[in-house]
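Shown next, in structure tokens, is the structure this report addresses.
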Amino acid sequence: MSAADTTTAKVPPARQSPPPGPAAGTPGKPGKKSNGGAGIPWLLLAPCLIVLLLVLGYPLVRLVTLSFQKFGQPQLWGFQEAESAGLDNFTKILGDTEFWAVVLRTVLFAAGAVVVTMVLGMLIALLLQRVSGWVKALINIVLVASWGMPIIVATAIFKWLFDADYGVLNWLLSKLPGVDMIGHNWFASGPQGLAVIMLLVVWGAVPFVVITLSAGLTQVPKELEEAARLDGAGAWGVFRFVTLPVLKPIIVMLTTLSVIWDMGVFPQVYVMRNGHPEPEFQLLTTYSFDRAFVVNDYGTGSAIALVTVVLLLGVVAVYMRQMLKIGDVE
């Protein structure tokens, strides 16, 4: 045996790689992705979409149609055919100073109700994090009970609380030294009456905000709060730089929903004023109702309702923009 034979090592043969399998996709068709699952979400959403089209589609189309027509009682009973009015209904309401006063009143009412609801709801949600378990459970039961109370019942209770002759609030305020509120009519002026109605709206909206924010507060990392306190941050600093950024998506959602709900307030005003809201109590919803069903000018009432829908769509657009910004940051 030579030296070359003793120093040369035998190299094992290279292991052959297995043949490539078919690409992910449809079995038996390599290289093609399956799109069969793309239609499953739409199939699951189909019943909901059908119901929405049936419940909201026709009324919305009918609303748009009526807003461009001259439609009154003769047309309603079939004595005359509906006539096309073009943009006359919109020109009439946009040139009416009373309409713009109602728009301003509605915006101020909704803004005040939303601010009070969000601030009060946040304070109660933060306080619930610092009470014992049974107190928290009791408060949640009370919140759910008040949230589930029918609007008509809640409105009747508030009418009794603020009644001029038998109201509990006037009686309690009169117990204060130097205060005489017996016989005081809270609905003698528009601002006072709308403030009472705003309290009613806030009372019904706060439970939902508190429950939602309480659920969001459970997702705030405790270690971040402890780190902020170690860095010298106080209660306000922890809330501003730790809690608030975590809750921002929930706050944006709740604020948007509150704006939509509070701009659409109708039964509270209608029932509180016994079915005949005075001019200083008119909001967009009641104003549209009066134009359509009291004055019997359904075209003008539909035009006012359509303007209200456009305003609410603007709120929804702002909400979607904010949510997209939050998604980009995350």
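The structure displayed is predicted, hence computed values, not measured ones. Because only heavy atoms are used, hydrogens play no part in the values below, and waters and symmetry mates are left out as well, while side chains stay in.
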Practice prompt. Look only at the side chain of Ser67 and the backbone of Val64, and say whether a donor-acceptor pair between them is shorter than 3.5 Å.
Written response: yes
Item to complete: Would you confirm whether Gln282, through its side chain, and Pro277, through its main-chain N or O, come within 3.5 Å as a donor-acceptor pair?
Response: yes
Practice prompt. State, with a plain yes or no, whether a side-chain heavy atom of Leu244 is found less than 4.5 Å away from one of Ile251.
Written response: yes
Worksheet, complete the sentence: Rounded to the nearest 0.5 Å, the CG atom of Leu283 sits from the OG atom of Ser288 at a distance of 12.0 Å
Worksheet item: Can you find a pair of side-chain heavy atoms, one from Thr243 and one from Glu225, that are under 4.5 Å apart?
Response: yes
Worksheet entry | Evaluation steps, side chain to side chain contact (heavy atoms under 4.5 Å, CB included), between Val265 and Met198 | CA-CA 10 Å; Val265 166; Met198 184 185 299; over 6 Å; no
Fill in: Any donor-acceptor N/O pair, Asn170 side chain to His184 backbone, under 3.5 Å
yes
Fill in: Minimum side-chain heavy-atom gap Tyr319-Ile260 below 4.5 Å
no
Fill in: Backbone N/O of Leu94 and side chain of Trp100: donor-acceptor pair under 3.5 Å
yes
Worksheet item: What class does the angle between the rings of Tyr298 and Phe71 fall in, given that below 30° is parallel, 30 to 60° is tilted and above 60° is perpendicular?
Response: perpendicular
Practice prompt. Identify which one of Thr117, Leu128, Leu127 satisfies the side-chain contact (heavy atoms from CB on, under 4.5 Å) criterion when paired with Val210.
Written response: Leu128
Fill in: Distance in Å, Ile139 CD1 paired with Trp134 CH2, rounded so as to fall on 0.5 Å steps
9.0 Å
Worksheet item: Side chain of Thr106, backbone of Leu284: donor and acceptor closer than 3.5 Å?
Response: yes
Item to complete: Could you check Asp297 against Lys92 for salt bridge (Lys or Arg N to Asp or Glu O under 4.0 Å), going step by step and ending with a plain yes or no?
Response: CA-CA 12 Å; Asp297 188 354; Lys92 180 167 63 175; 3.1 Å; yes
Item to complete: Calculate, to the nearest 0.5 Å, the distance between atoms CD and CZ belonging to Gln268 and Phe109 respectively.
Response: 7.0 Å
Discussion item. For the residue pair Arg273 and Phe289, would you count it as a cation-pi contact if the rule is NZ or CZ under 6.0 angstrom from the ring centre and within 45 degrees of the ring axis?
Written reply: no
Item to complete: Among residues two or more places apart or on two chains, list those pairs meeting side chain to side chain donor-acceptor pair (under 3.5 Å) that have a residue in residues 136-148.
Response: none
